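Right, one structure below, let's go through it.
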Amino acid sequence: MISEKLQQAFNEQINKELFSEYLYLAMKNFFEELNLPGFVNWFDVQMQEERAHAMGLYSYLLQRGGKVTFEAIDKPVVTGTCPLSVFEQTLAHEEFVTSRINALTDTADEDRDRAAVSFLDWYIKEQVEEEDNVRKIIATLKLIGDDKKALLMLDKDLATRTFVAPVIG
Ligand code: OFO
């Protein structure tokens, strides 16, 4: 059975993933206001991914005989004021989530909980992909600069992103 300490760390991470979903909803709304449907779609898919990440941890905790507990989810604040700065905020957030996943894995490691370490490996790999996706969009936005036509082309591209339910663990 999972230790109390690891159980608490899992519950904290479930909260962080649900906060990520909420933050990306706020960012989706930011792009609704800018009338950029492709960006709206990108954040909609991102939200769904975060929900899947939370539910993956939730199901795993139950499977291990743990108890799920809920805390308040922080208020999401979009500090970015343009597409580039919103994506820079997204990258900073993903880097924070990566550090939390690493800390959760360290806790599982200290417990010598091999099953949990192996389960969390999926999340470690996922974070590499998440950060890479966002970095690529930031690089494109920097190339675009003030070119509105190019921004609309990127918007078209981001409209093609679809949610594929991940197989976690
Ligand atoms: Fe759950 O990966 Fe983003 O936050």
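Read the numbers this way: they start at 1 and go in the same order the structure lists the ligands and their atoms. Just so you know, these numbers come straight off a predicted model, no measurement behind them.
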Just give me the atom name: the N, O or S atom of E130 closest to atom 3 (Fe) of ligand 1. OE1
Contact atoms of ligand 1, heavy-atom distance to V97 under 4.0 Å: 4 (O)
Metal check, atom 3 (Fe) of ligand 1 vs E17 N/O/S, cut-off below 2.8 Å: no
Just which atoms of ligand 1 are under 4.0 Å from any heavy atom in S20? 4 (O)
The reported gap from CD in E21 to CZ in R51 (rounded to nearest 0.5 angstrom) is 4.0 Å
So, are R161 and D44 salt-bridged, with charged N and O less than 4.0 Å apart? no
Would you call the rings of H53 and Y123 parallel, tilted or perpendicular if under 30° counts as parallel and over 60° as perpendicular? perpendicular
Under 2.8 Å: N/O/S of E49 next to atom 3 (Fe) of ligand 1: no
H53, N/O/S atom nearest atom 1 (Fe) of ligand 1: ND1
Kindly indicate whether the side chain of T79, heavy atoms from C-beta on, has any atom under 4.5 Å from the side chain of S85. no
Closest heavy-atom pair, L151 versus I144, reported as atoms and distance to 0.1 Å, is N-CG2, 3.8 Å
So, for Y60 and W122, is the gap between ring centers shorter than 6.0 Å? no
Of all the atoms in ligand 1, which lie at a distance below 4.0 Å from a heavy atom belonging to Q127? 1 (Fe), 2 (O)
Strictly under 2.8 Å, is atom 3 (Fe) of ligand 1 approached by any N, O or S atom of E50? yes
Below 3.5 Å, N or O to N or O, backbone or side chain included: is there any such pair between Q46 and ligand 1? no
For this output row, return yes or no: ring centroids of F19 and Y24 closer than 6.0 angstrom. no
Determine, using heavy atoms of K16 and all atoms of ligand 1, whether some pair is separated by less than 4.0 Å. no
